[in-house]
Peer 1: 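The following block contains the structure, expressed as C-alpha cells.
Side-chain atoms are counted along with the backbone in the values below, which use heavy atoms only and exclude waters and symmetry mates.
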Amino acid sequence: GCNPLAETGRSKLQNQRAVLNQQILRAVRMRAGAENLLRATTNNKVREQVLLELSFVNSDLQILKEELEGLNISVEVYQNAEETFSIPLVPLGLKETKDVDFSLPLKDFILEHYSEDSSEYEDEIADLMDLRQACRTPSRDEAGIEMLISYFLQLGYVENRFFPPTRHIGVLFTWYDSFTGVPVCQQNLLLEKASVLFNIGALYTQIATRCNRQTQAGLENAVDAFQKAAGVLSYLKETFTHTPSYDMSPAMLNVLVKMMLAQAQECVFEQIGLSGIRNEFFTLVKMTQEVAKVGEVYMLVNIAMNQEPVKENIPYSWSKLAQIKSDHYKALAHYFIATILCDHELQPSDDKDQQEKALSQLYDCVPEGLMVLAVLKDKVQRKQLGKAHLRKAIVYHEEALRVCGLCKKLRNIEVLQEVLTAAHKRSLFKYAQQETEDDFLSLTQAPDILPKTEHKVGTIAPQFSKVKVKDFFHKLGPLTVFSAKQRWTAPRTIRLHNEVGELGFSLKGGSPVQVYCLDPVCSAASAGLKEGDYIVSIDGMDCKWLGVNEVLEKLKSVGKQPIELDVIS
C-alpha cells in the first residue's frame, strides 16, 4: 500500500475521516449511556440533567456528521491535476477500519483443529496481517485494485480454513460507515469481505475522477472505471444482502450504482464533444439527444437519492449536485435544439425529408398546431420555437444556479459556479441575438426532448479470476479435506514392517491419498491402520499434496526398512 504517513491531499482526507469516526464513536457511546440512564432513573432532577446532556450530545453528533459530509463532497482533491473547465465528478471515500490481530486466534485454531505446530505458521499469519494493513492505504491505480482483490480472494481461503460455521474463533472486525461514521462490528468474515468489496468500488471511482478529462484516452478510462465501480457495487448488493452497515444496504448501493453509471454517461457525452461541436444540423441533433440522456439519468439519480430510507444518510450536497447536473444538461439540450432552429434555415440543397425525420425524433409530441416540416420551412415558426427552447434553457440554467447557491458546500466549488454561469450567459446571449418584436405574440411552449444515446453505459462485472492468488496456508493441505468445517482425529503414527514386499492395502483418491481394501490380518492393520484413513506424512515427510503414484513410489523406495506413516481419520 501507499505510505500511510505520506501527506497527500487524499491521505489527509482519509486521516480526517478516521479522526471523525473516533469522535462519532465516542458521541454514540455517550448517547447510548445517557438513554440507558434515562430509562433506568425515576428521579426528576437526574432526568432533567440527562435530557440536557442528551440534547448536547445529539447536537454534537449532528455537527460531526455534517463535517463527515464535508469530506464526502471534497471532490477537488480527487480530480485530475490538469486545469479543466468541467463540472467535478464525485468519488466515494474508502471505508475506515480498526487493526485486527489474527495471531493468537489463528495459532490456537491451527493447534486445536489441525493438530499442527502453530509456530511454523507465524510467517503466513504475518503476511496476512501485512496484506490487510496495506489494504487500508491502497495506491490509486490498478496495482491498488489488484491488492484489494488479492486480499478479498485470500479471505475466501481464510474463511474456509479458520472460520467454522457453528462457532466464532474470537476475531472481531470493526468497520466504520462511510456516510454516518458509526462503527459496525462482527466476528465473522461477512463484514470484512463486504467492506473490502466496497473499497474496491470506491477506489475505482477515485481512479475515474483522477483521469484527465481533456483527452480521449482519459475520458475512456474514466468511463471504464465508473462502469467497473458500478459492477463491483452491484456484485456487493447481490452477494452480501444482509450487511449491518448502512452504506452497504441494498437501497444505498442501488443509488450508488445509479450515480456511478450517470457519471459514466456524463463522461461519454464529454468524449463525443471533446474535439468541438460543429454547428451543423445533424451533429447538433445527435448532441441534443446525447446531452438530454445525461440530464435524464441525473434526474433519476436525484429522485432515488430523495427516497426513504436513503434520504436520511446520503450527503445532502450529493443530492443537490445531481439536481444541478440534471438541470444543467437539460438546459444544454434545449440550447442545442434552439441553435438548430435559429441558425439553420432550410436550403434548396438540403434533404428536407432527412431533416424532418431527425427533428421529429427529438420530440415525444410536437406542440398543438405545429408540424415539423412546416416549422423547418417557415422562418417565423422556426424562430418562435427556437426562442421557446432558449427560454426553457434559461429557466433550467437559473434553477441550477439557484440550487447551487443554496448549498454552502457546492457554493465553495469555484469551477462548478464558473461552468454554470458561463452556460447561462451563453444562452442569454443567444436569446438576445434573436428579434424581439414578436415576443408578446409568441405563446409557443418548448416541448420536452426525447433522450437517446448511441453509447449506453452499463455495469462491468468484477473479473476476480484475473488476479492469481496463492493460499497463504497452503501447507495445511488441500482445502477440500483440510478446512474448518471438517472434523478428524489427531494424527496417529503407524509403524509398518514391509518384510514380504506387500503393503496389505491399496490407495485411492487425489491429495491426500486414502487407504482402502485394507487386509484385516496384515501388519498395517495390526499396527492400527484403518480403512479410509488419510496418509499425511511418510517418515516425517509431508505428503498431503501428493497423489497415489507419488505416495506408492515413496513407500516402495524404502525397501524392506520399517516405515512410519502419520494418518488421520
Peer 1: Could you check whether any side-chain heavy atom of L94 comes within less than 4.5 Å of a side-chain heavy atom of R136, counting everything from C-beta outward?
Peer 2: no
Peer 1: To the nearest 0.5 Å, how far apart are SG in C211 and CD in E220?
Peer 2: 10.5 Å
Peer 1: Spell out, as yes or no, whether a donor-acceptor pair under 3.5 Å connects the side chain of Q514 to the backbone of G532.
Peer 2: yes
Peer 1: Measuring only between side-chain heavy atoms, which start at C-beta, is Y316 closer than 4.5 Å to K409?
Peer 2: no
Peer 1: In Å and rounded to the nearest 0.5 Å, what is the CH2 to OG1 distance from W175 to T243?
Peer 2: 13.0 Å
Peer 1: For residues S537 and D542, is any side-chain donor paired with an opposing acceptor at under 3.5 Å?
Peer 2: no
Peer 1: Going by heavy atoms in the side chains, are V515 and K530 under 4.5 Å from each other?
Peer 2: no
Peer 1: Show your working on side-chain contact (heavy atoms from CB on, under 4.5 Å) between I272 and E454 and close with a plain yes or no.
Peer 2: CA-CA 10 Å; I272 298 166; E454 294 174 7; over 6 Å; no
Peer 1: Has the side chain of S569 got a donor or acceptor atom that lies under 3.5 Å from a matching backbone atom of T489?
Peer 2: no
Peer 1: Between R210 and R140 (side chain of the first, backbone of the second, donor and acceptor by atom type, cut-off under 3.5 Å), is there such a pair?
Peer 2: yes
Peer 1: Are Y204 and I200 side-chain neighbours, meaning at least one heavy-atom pair lies under 4.5 Å?
Peer 2: yes
Peer 1: Can you give me the closest heavy-atom contact between C135 and Y151, atom names plus distance?
Peer 2: SG-CB, 3.5 Å
Peer 1: If I compare all heavy atoms of T459 with all of A230, which pair ends up nearest, and what's the gap?
Peer 2: CG2-CB, 3.7 Å
Peer 1: Tell me the closest heavy-atom pair linking C267 and V223, and the distance in Å.
Peer 2: CB-CG2, 3.5 Å
Peer 1: Is the ring centre of Y235 less than 6.0 Å from the ring centre of F464?
Peer 2: yes
Peer 1: Do the non-hydrogen side-chain atoms of T209 and F226 ever get within less than 4.5 Å of each other?
Peer 2: yes
Peer 1: If I compare all heavy atoms of K485 with all of P165, which pair ends up nearest, and what's the gap?
Peer 2: CB-CD, 4.1 Å
Peer 1: Okay, side chain of N302, backbone of Y298: is any donor-acceptor separation there less than 3.5 Å?
Peer 2: no
Peer 1: Side chains of L256 and W318: closer than 4.5 Å at any heavy-atom pair?
Peer 2: yes
Peer 1: Side chains of L476 and Y121: does their closest heavy-atom pair fall under 4.5 Å?
Peer 2: yes
Peer 1: Please walk me through it: do L261 and V297 pass side-chain contact (heavy atoms from CB on, under 4.5 Å)?
Peer 2: CA-CA 8 Å; L261 291 178; V297 291; over 6 Å; no
Peer 1: Kindly say whether P520 contributes a backbone atom to a donor-acceptor pair with the side chain of E531 at under 3.5 angstrom?
Peer 2: no
Peer 1: Would you mind reporting whether M252 and F179 have side-chain heavy atoms less than 4.5 Å apart?
Peer 2: yes
Peer 1: Does the salt bridge (Lys or Arg N to Asp or Glu O under 4.0 Å) test come out yes or no for K475 and E116, once each step is laid out?
Peer 2: CA-CA 10 Å; K475 284 194 302 187; E116 293 207 23; over 6 Å; no
Peer 1: Within the 3.5 Å criterion, strictly below it, is a donor on S245 or K95 matched to an acceptor on the partner's side chain?
Peer 2: yes
Peer 1: Does the pair E112/R167 count as a salt bridge with the N-to-O cut at 4.0 Å?
Peer 2: yes
Peer 1: Does Q206 form a side-chain contact (heavy atoms from CB on, under 4.5 Å) with L203? I'd like the steps, not just the answer.
Peer 2: CA-CA 5 Å; Q206 294 182 14; L203 194 58; 4.1 Å; yes
Peer 1: Any side-chain to backbone donor/acceptor pair from N36 onto A32? Under 3.5 Å, distance only.
Peer 2: yes
Peer 1: Using 30° and 60° as the class boundaries, would you call the ring planes of F173 and F102 parallel, tilted or perpendicular?
Peer 2: tilted
Peer 1: Report the C-alpha separation of V481 and Q486 in whole Å, then their side-chain angles, then the decisive distance to 0.1 Å, and conclude whether the side-chain contact (heavy atoms from CB on, under 4.5 Å) test is met.
Peer 2: CA-CA 7 Å; V481 176; Q486 304 280 13; 5.7 Å; no
Peer 1: Which residue is it: M259, K258, K311? I am looking for the one with a side-chain contact (heavy atoms from CB on, under 4.5 Å) to M305.
Peer 2: M259
Peer 1: Residues in salt bridge (charged side-chain N to carboxylate O under 4.0 Å, His left out) with K107, at least two apart?
Peer 2: E122
Peer 1: Can you tell me how far the NZ atom of K456 sits from the CD atom of Q265, to the nearest 0.5 Å?
Peer 2: 7.0 Å
Peer 1: Keeping R161 on the side-chain end and F482 on the backbone end, is there a donor-acceptor pair under 3.5 Å?
Peer 2: yes
Peer 1: For this output row, return yes or no: ring centroids of F162 and F473 closer than 6.0 angstrom.
Peer 2: yes
Peer 1: Taking M147's backbone N and O only, do any of them form a donor-acceptor pair with S150's side chain (distance below 3.5 Å, no angle check)?
Peer 2: yes
Peer 1: For residues A525 and L518, report the shortest heavy-atom separation together with the two atoms involved.
Peer 2: CB-CD2, 4.1 Å
Peer 1: How many angstroms lie between CG in L253 and CE in M248, if you round to the nearest 0.5 Å?
Peer 2: 8.0 Å
Peer 1: For the CG atom of L190 and the CD atom of E192, what is their distance to the nearest 0.5 Å?
Peer 2: 10.5 Å
Peer 1: Of the non-hydrogen atoms in P250 and T241, which two are nearest, and what is the gap between them?
Peer 2: CG-O, 4.0 Å
Peer 1: Per the side-chain contact (heavy atoms from CB on, under 4.5 Å) rule, which among M30, R29, E35 passes with V57?
Peer 2: M30
Peer 1: Would the distance check show the side chain of T97 and the main-chain N or O of T174 forming a donor-acceptor pair, the cut-off being under 3.5 Å?
Peer 2: yes
Peer 1: Do the side chain of Q307 and the main chain of I303 share a donor and acceptor less than 3.5 angstrom apart?
Peer 2: yes
Peer 1: Rounded to the nearest 0.5 Å, what's the gap from CZ on F198 to CG on L233? Could you check?
Peer 2: 6.5 Å
